[in-house]
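What follows is a set of notes on a single structure, which appears directly below.
One-based numbering along the sequence shown.
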Amino acid sequence: MGIGVKQGRPLASLLASGFALLALMLSGVASSQDQHPRNKTLMKREWGIEIMYVRQTSAGYMLEFRYKVLDAEKAAALFERQTKPLLTHVDSGAILVVPTPAKTGALRNSNTPIAGNTYWMFFANPGKLVQVGDQVNIDIGEFSADGIFVK
């Protein structure tokens, strides 16, 4: 006799388990999808960048925003030192900032962008608030990227 399986109904139990596993897998797929393709096209057309990802790094205490510059002139606004990037955690509304250590300065690129290069910026993630699969919004001056899933 199997553990947790009623005798005489192994097929029904197996099917129920299979459906539960399928539902679990599908819910994970839905939450980890990237942005809608039109959002990516808008970023390329208006801001001259392609967002690659936002992911946890430094054991989860930092978030890395990585993007590729396609048009250096359009992307220049993202590199202005006076503009302070903000990352908003959609679920909690918490606003995370780019740290500025005394020895290294802000953990972001602020040199003149070059088309074809990939750039990054790090956001502090105190207490590992933002987790893999969460949605975040990034604002840098007039630039805004909403609904990015954390990898």
Side-chain angles (χ1 to χ4, degrees), residues 4 13-151:
S13 179
L14 181 63
L15 285 174
S17 298
F19 284 126
L21 181 60
L22 180 63
L24 184 63
M25 288 172 32
L26 290 177
S27 69
V29 169
S31 67
S32 65
Q33 290 181 354
D34 288 339
Q35 290 183 332
H36 190 278
R38 286 187 182 159
N39 290 346
K40 291 180 180 182
T41 302
L42 178 70
M43 289 295 149
K44 291 176 186 178
R45 190 176 64 241
E46 284 191 21
W47 294 100
I49 68 162
E50 178 181 359
I51 296 173
M52 299 175 76
Y53 54 78
V54 173
R55 71 174 179 186
Q56 282 188 338
T57 188
S58 300
Y61 289 100
M62 300 285 278
L63 298 170
E64 176 187 5
F65 171 50
R66 191 166 289 258
Y67 56 98
K68 183 175 185 174
V69 171
L70 305 172
D71 183 328
E73 190 174 311
K74 290 179 181 178
L78 278 70
F79 291 79
E80 292 177 7
R81 291 176 193 206
Q82 301 83 1
T83 308
K84 302 297 179 203
L86 302 173
L87 182 144
T88 305
H89 184 228
V90 173
D91 291 343
S92 68
I95 297 174
L96 309 178
V97 297
V98 172
T100 308
K103 288 188 178 186
T104 61
L107 298 179
R108 65 177 282 203
N109 295 102
S110 56
N111 296 332
T112 306
I114 299 171
N117 284 3
T118 300
Y119 296 92
W120 50 265
M121 62 181 66
F122 290 101
F123 292 89
N125 188 21
K128 300 181 184 180
L129 173 69
V130 180
Q131 295 294 312
V132 173
D134 288 355
Q135 274 189 303
V136 296
N137 301 331
I138 295 179
D139 297 300
I140 307 168
E142 297 293 317
F143 171 84
S144 183
D146 296 335
I148 303 171
F149 286 94
V150 177
K151 292 186 178 188

CD1 on I140 to OG1 on T83, rounded to 0.5 Å: 8.5 Å
My understanding is that only one of I51, D71, I49, L70 makes a side chain to side chain contact (heavy atoms under 4.5 Å, CB included) with K44; could you say which? L70
Distance from N117 atom CG to Y67 atom OH, nearest 0.5 Å? 11.0 Å
Between atom OG1 of T100 and atom CZ of R108, what is the distance when rounded to the nearest 0.5 Å? 9.0 Å
N125 CG to Q56 CD distance, which is reported to the nearest 0.5 Å: 6.0 Å
Take L86 and V97, measure what side-chain contact (heavy atoms from CB on, under 4.5 Å) needs, and give me the verdict at the end. CA-CA 5 Å; L86 302 173; V97 297; 3.8 Å; yes
Charged N to carboxylate O below 4.0 Å: is that the case for E64 and R55? yes
Flag side-chain contact, heavy atom, 4.5 Å: R66 against T118: yes
I want to check something: taking the side chain as every heavy atom from C-beta on, are L107 and P101 in contact at a cut-off of under 4.5 Å? yes
May I ask you to test the W47-K74 pair for a side-chain heavy-atom distance under 4.5 Å? no
Gap separating the NZ atom of K151 from the CE atom of M52, nearest 0.5 angstrom: 9.0 Å
Student check: side-chain heavy atoms of I148 and N137 closer than 4.5 Å: no
Mind checking whether F65 and F123 have parallel, tilted or perpendicular rings, split at 30° and 60°? tilted
Run the side-chain contact (heavy atoms from CB on, under 4.5 Å) test on I114 and Y119 for me, step by step, so that the C-alpha distance in whole Å, both residues' side-chain angles and the decisive distance to 0.1 Å come before the verdict. CA-CA 10 Å; I114 299 171; Y119 296 92; 3.6 Å; yes
So W120 and N109, do their side chains get closer than 4.5 Å, heavy atoms only? yes
Please evaluate residues Q135 and V130 with respect to the criterion side-chain contact (heavy atoms from CB on, under 4.5 Å), reporting the C-alpha separation (whole Å), side-chain torsions for both, the decisive distance (0.1 Å), and the verdict. CA-CA 8 Å; Q135 274 189 303; V130 180; over 6 Å; no
Which atoms form the tightest heavy-atom contact between K128 and A59, and what is the distance? CE-O, 2.9 Å
I'd like to check P113 versus L78 (side-chain heavy atoms, cut-off strictly below 4.5 Å). Are they in contact? no
Minimum heavy-atom distance P99-M62, with the two atoms named: CG-CE, 3.8 Å
Closest non-hydrogen contact found for G48 with A75 is O-CB, 4.2 Å
Working to the nearest 0.5 angstrom, can you tell me the gap between Q131 CD and L63 CG? 9.5 Å
